[in-house]
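Here's the structure we're looking at; comments come further down.
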Amino acid sequence: MAARILSERFYERDTLTAAKELLGCFLVRKIGRKTWRARITEVEAYVGEDDLACHASKGRTKRTETMYGEPGHAYVYLIYGMYHCLNIVTEKGGFPAAVLVRAVEVEDVPKKETDGPGKLCRFLEIDRTFDAWDVTRGEKLWVERGRLGKGEEIEATKRIGVEYAGHCKEYLWRFEIAK
DNA sequence: TGCCGGATCCTG
DNA sequence: AGGATCCGGCAA
């Protein structure tokens with residue numbers, strides 16, 4: 001059981017690689033006696049200060065400190081005053097990068113409830129108290145190894161909601177499972 | 001200190 | 001198409 005949990009080593013790599021490999025893996029959230037297993041189906045990569053869409057493009061601040069920290073920790077922020085977004089920090093400590101989890105699927109739960117970054121955080125009860133949370137320990141929130149099914153492929157497209165990011169908005173850094 | 005806009009979602 | 005709703009970052 002514990003062996004399936006993705007370790008710091010998994011995250012301490014090129015962000016695009018880690019992002020793609022997270023597809024098909026399971027985001028696990030334990031709330032009291034209840035354990036949700038959510039299959040990751042869509043992610044986006046945010047890489048370094050040169051990526052104008054990345055929060056770290058404004059440099060090291062209190063908010064982005066987590067992204068500069070150790071890989072395998074959650075970076076959770078509040079967006080539009082009412083929704084939370086879950087990222088997992090990647091690459092070596094000191095280099096700001098993370099993978100945004102944009103959609104998951106939970107068995108017996110309508111897709112509509114978990115098919116957006118804000119929606120999945122609301123469903124899984126993830127808020128800013130999880131910022132900097134270590135997701136490699138298997139406590140409350142972690143990720144387990146998973147894979148693509150037969151016939152499933154990775155589709156790369158532009159990231160959502162980053163029209164302000166100059167040339168970086170063109171990067172095909174959004175990855176989702178396509179059939 | 002004040003203002004502006006956002007890695008979203010829902011309603012009309 | 002627009003509103004909800006609040007915090008971070010920057011200008012003043």
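Atom set for the values below is all heavy atoms of this structure, side chains included, hydrogens, waters and symmetry mates excluded. Values in this document were obtained by computation on a predicted structure and should not be read as measured data.
- A donor atom on one side chain and an acceptor atom on the other are found under 3.5 Å apart for A:Thr15 and A:Glu91.
- Using a 4.0 Å heavy-atom distance criterion, A:Arg128 is classed as a sugar-phosphate-only contact.
- In this structure, A:Tyr75 and A:Tyr77 have tilted ring planes: the angle between them lies in the 30° to 60° band.
- Taking the six-membered ring where tryptophan is involved, the planes of A:Trp133 and A:Phe130 are perpendicular, since the angle between them exceeds 60° and thus also 30°.
- Using a 3.5 Å distance cut-off with no hydrogens or angles, the side chains of A:Glu49 and A:Tyr68 do pair a donor with an acceptor.
- The phosphate of C:dG8 has neither OP1 nor OP2 within less than 4.0 Å of any side-chain N or O from A:Thr61.
- With both ends at atom P, the span from C:dT5 to B:dG2 equals 22 Å, rounded to whole Å.
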For each nucleotide in nucleotides 2-12 of chain B, reading 5' to 3', give B when a protein heavy atom comes within less than 4.0 Å of its base, S when such contact involves only the sugar-phosphate, and - otherwise.
-> ----BBBSS--

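- Annotation: B:dG5 and C:dG2 have their P atoms spaced 16 Å apart (nearest Å).
- Using the Watson-Crick or G-U wobble rule with both distances under 3.5 Å, B:dC10 pairs with C:dG2.
- Ring-centre distance between A:Trp36 and A:Phe123: below the 6.0 Å cut-off.
- Atom CG in A:Asp131 sits about 10 Å away from atom P in C:dG8, given to the nearest Å.
- Not a single donor-acceptor pair under 3.5 Å links the side chain of A:Asp134 to the backbone N or O of A:His73.
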